[in-house]
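To keep things clear, I will list the structure first and then write my remarks on it.
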Amino acid sequence: MNGLLVIDKPGGITSRDAVNRVQRWFPRKTKIGHTGTLDPLATGVLVVCIGAATRLADYVQAMGKSYSSRFRFGATSTTDDADGEVTETPNAPVPTREQIDAALAAFVGNVEQVPPAVSALKLDGVRAHELVRRGLGPKLNARVVSIYAIRVTGFAWPYLDVEVDCGKGTYIRSIARDLGDVLGCGGLVQTLRRTRVGPFRVEQGMSLDADPASAKLLPMAEAVAGMKHVSLNADDVTRLRHGQRIRLPENNALPEGEELAVLDGQTGLVGIGIVERGQLKPQLVFGV
């Protein structure tokens, strides 16, 4: 029982809560894990790894993501979203659409972003939100994140509706907060929905209230859908599974250190190898 399950996470619960509910759908001791935290306020795509697929969680987490969000101007929040303690901005200026578009342009690309203080990031092994709860007010450093596009889909003060395509580690709450700062009116996330993680889309998402019998696991190979792949014959598959290196064709143009998904015709994903001196070195291997 190995594969991936796309859940449409509802609001009001943590990602861990969602995984705990999914856990009841499977036999005891089945390994289950999720591939990227969604805040309680957020809804949408939560990819859950089942069985051996839990070893692929990092690859799914690294995939690009898309969000649909409503920002609220004229206020700030202790959590940078509507779940926190909200403070109205006195005499908040109302920006024009032109000012908003001009400001948003600076948020696209490889940009430095300070994560929300209330987040799951760790400082010296302690979650930032736990430090906030203790009243310690953690100082988080800016990190470079990739934001590929921000599309405005509607604006009627105080709300701005946007769609965001971004890379791993991007906080939509930080975009709302920082945009509000730039415009001088304050900003926070009012609603947030993750619509895509890599090839996994919200339309595939299964409700936590659905009949567990209707759960259909997606093949593990979809966790490495964006990775170059190589198909091996049965003998080479056996050798790879025994930890042996496989010689690649002499005319291959693959750079040193590149990861390849290894497939065969019967079981799908055999594992992941890394190119090293003209050979494929096993890095992650699955049994039959």
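- In terms of heavy atoms, S77 sits closest to L188 at CB-CD2, 3.9 Å.
- A continuous path of Ile, Leu, Val, Met, Phe, Trp and Tyr side chains, each step under 4.5 Å between heavy atoms, connects I150 with F73, placing both in one hydrophobic cluster.
- Minimum heavy-atom separation, D83 to L41: OD2-CB, 3.3 Å.
- No hydrogens or angles considered: a donor-acceptor pair under 3.5 Å links the side chains of D17 and T14.
- A 6.0 Å sphere centred on CD of E85 holds no more than 12 heavy atoms belonging to other residues, nucleotides or ligands.
- Both M206 and V22 belong to a single network of hydrophobic side chains, linked directly or stepwise wherever heavy atoms of I, L, V, M, F, W or Y lie under 4.5 Å apart.
- In this structure, R196 CZ and D165 CG are separated by 6.0 Å, a value rounded to the nearest 0.5 Å.
- Salt-bridge check for D236 with R247: failed, with every basic side-chain N at 4.0 Å or more from each acidic carboxylate O.
- In the hydrophobic clustering of ILVMFWY residues, with side-chain heavy atoms under 4.5 Å counting as a link, V86 and L183 come out apart.
- Within the structure, side-chain hydrogen bond (donor to acceptor under 3.5 Å, both in side chains) contacts touching residues 21-35 (residues at least two apart or in different chains) are R21-D209.
- Considering CG of L4 and SG of C49, their distance stands at 5.0 Å, rounded to 0.5 Å.
- Side-chain atoms of E222 do not come within 3.5 Å of backbone N or O of P219 as any donor-acceptor pair.
- At a threshold of 4.5 Å between side-chain heavy atoms, the hydrophobic network of Ile, Leu, Val, Met, Phe, Trp and Tyr places I50 and L269 in two separate groups.
- With sequence neighbours excluded, the residues forming a salt bridge (Lys or Arg N to Asp or Glu O under 4.0 Å) with R177 are D80, listed by chain and number.
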With a cut-off of 3.5 Å and sequence neighbours excluded, list every side-chain donor-acceptor pair involving residues 102-117.
from	atom 1	to	atom 2	distance (Å)
N110	OD1	S146	OG	2.7
Q113	OE1	Y171	N	2.9
Q113	NE2	Y171	O	3.1

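- Shown here are the side chain to side chain donor-acceptor pair (under 3.5 Å) partners of Q279, two or more places apart in sequence or in another chain: there are none.
- Under the 4.5 Å side-chain heavy-atom criterion for ILVMFWY residues, no single connected hydrophobic cluster contains both V285 and I274.
- Applying the salt bridge (charged side-chain N to carboxylate O under 4.0 Å, His left out) test to every pair with at least one member in residues 47-69, sequence neighbours left out, gives no pairs at all.
- The shortest heavy-atom contact between V60 and A223 is CG2-CB, 3.7 Å.
- Taking every heavy atom of both residues into account, G44 and L38 meet most closely at O-CD1, 3.9 Å.
- When the salt bridge (Lys or Arg N to Asp or Glu O under 4.0 Å) test is applied to R193, the partners found at least two apart in sequence or on another chain are D8.
- The two residues W157 and G74 have their closest heavy-atom pair at CH2-N, 3.9 Å.
- Checking I100, D81, L192, I172 one by one against F71, the side-chain contact (heavy atoms from CB on, under 4.5 Å) holds for a single residue, I172.
- Within 6.0 Å of CG in D211 there are more than 12 heavy atoms belonging to other residues, nucleotides or ligands.
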